[in-house]
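Counting starts at 1 for both ligands and their atoms, following the listed order.
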Amino acid sequence: MTKAVYPGSFDPVTFGHLDVIMRATEIFDEVIIGVLHNSTKTPLFSVEERVNILKKATEGMPQVTVLPFSGLSVDFAKACNAKVIVRGLRAITDFEYELQMAQTNRELESGVDTTFLITSLQYAYLSSTTVKEVAEFGGNISKFVPEFVAKEMQKKLREKREC
Ligand code: PNS
């Protein structure tokens, strides 16, 4: 049985991430999405909220599990008994960072390798950061994230403004 982990921040999950997840389920029997809890960053959504959003977004994908993690991605992969880390690659700008991360991870844990899925063309420009920026300024994000995620973002941004 082939198992892979797909670690990331997913703040928020976009159609680009979902495309990678769906394609990963066509390659691996089980795909475990690892949602990073990074205490040095202030995400829009808490790790619990991001896990719940991803669970809802992947409801129709029985091979997918969503778990929070903190620390190293390779340790998360080892704890899940997975030998493969999946990452999406959008453009040449992603490559340098992803290459460095994949090589670092392999130095840390030679039993865990990274597989890259090239992001589908229609999502090549998408990033969680730009989606957040568009939403913050009241732009339409329906092309970038599922409808329920857009609603959750608008609710969260309203709450933030009221604070
Ligand atoms: O969605 P992102 O923010 O591009 O995901 C980045 C992520 C979570 C995969 C990366 O930051 C990561 O693996 N963080 C955990 C710490 C780690 O393993 N660092 C070593 C790799 S250099």
Please tabulate, one pair per line, all N/O donor-acceptor pairs under 3.5 Å involving side-chain atoms of residues 12-29, not counting sequence neighbours.
from: T14; atom 1: OG1; to: G16; atom 2: N; distance (Å): 3.1
from: T14; atom 1: OG1; to: H17; atom 2: N; distance (Å): 3.2
from: T14; atom 1: OG1; to: H17; atom 2: ND1; distance (Å): 3.3
from: H17; atom 1: ND1; to: T14; atom 2: N; distance (Å): 2.9
from: D19; atom 1: OD1; to: S120; atom 2: OG; distance (Å): 3.2
from: D19; atom 1: OD2; to: R23; atom 2: NH1; distance (Å): 3.0
from: D19; atom 1: OD2; to: S120; atom 2: N; distance (Å): 3.3
from: D19; atom 1: OD2; to: S120; atom 2: OG; distance (Å): 2.8
from: R23; atom 1: NH1; to: I118; atom 2: O; distance (Å): 3.0
from: R23; atom 1: NH1; to: S120; atom 2: OG; distance (Å): 3.3
from: R23; atom 1: NH2; to: I118; atom 2: O; distance (Å): 2.9
from: T25; atom 1: OG1; to: M22; atom 2: O; distance (Å): 2.6
from: D29; atom 1: OD2; to: T2; atom 2: N; distance (Å): 2.8
from: D29; atom 1: OD2; to: T2; atom 2: OG1; distance (Å): 3.3

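- Contact residues for ligand 1 (protein heavy atom closer than 4.0 angstrom to any ligand atom): P7, G8, S9, L36, G71, L72, S73, R87, Y97, M101, N105.
- Atom NZ of K3 has more than 12 heavy atoms from other residues, nucleotides or ligands within 6.0 Å.
- A salt bridge between D113 and R106 is present, with a side-chain N of the basic residue lying under 4.0 Å from a carboxylate O of the acidic one.
- Note: L44 CG to E49 CD = 8.0 Å, rounded to the nearest 0.5 Å.
- Residues in residues 87-99 take part in these salt bridge (charged side-chain N to carboxylate O under 4.0 Å, His left out) pairs, two or more places apart or across chains: R87-E98, R90-D94.
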What pairs of donor and acceptor atoms, side-chain ones from residues 142-149 against any protein atom, are under 3.5 angstrom apart with sequence neighbours left out?
from: S142; atom 1: OG; to: N140; atom 2: OD1; distance (Å): 2.8
from: E147; atom 1: OE2; to: K151; atom 2: NZ; distance (Å): 3.3

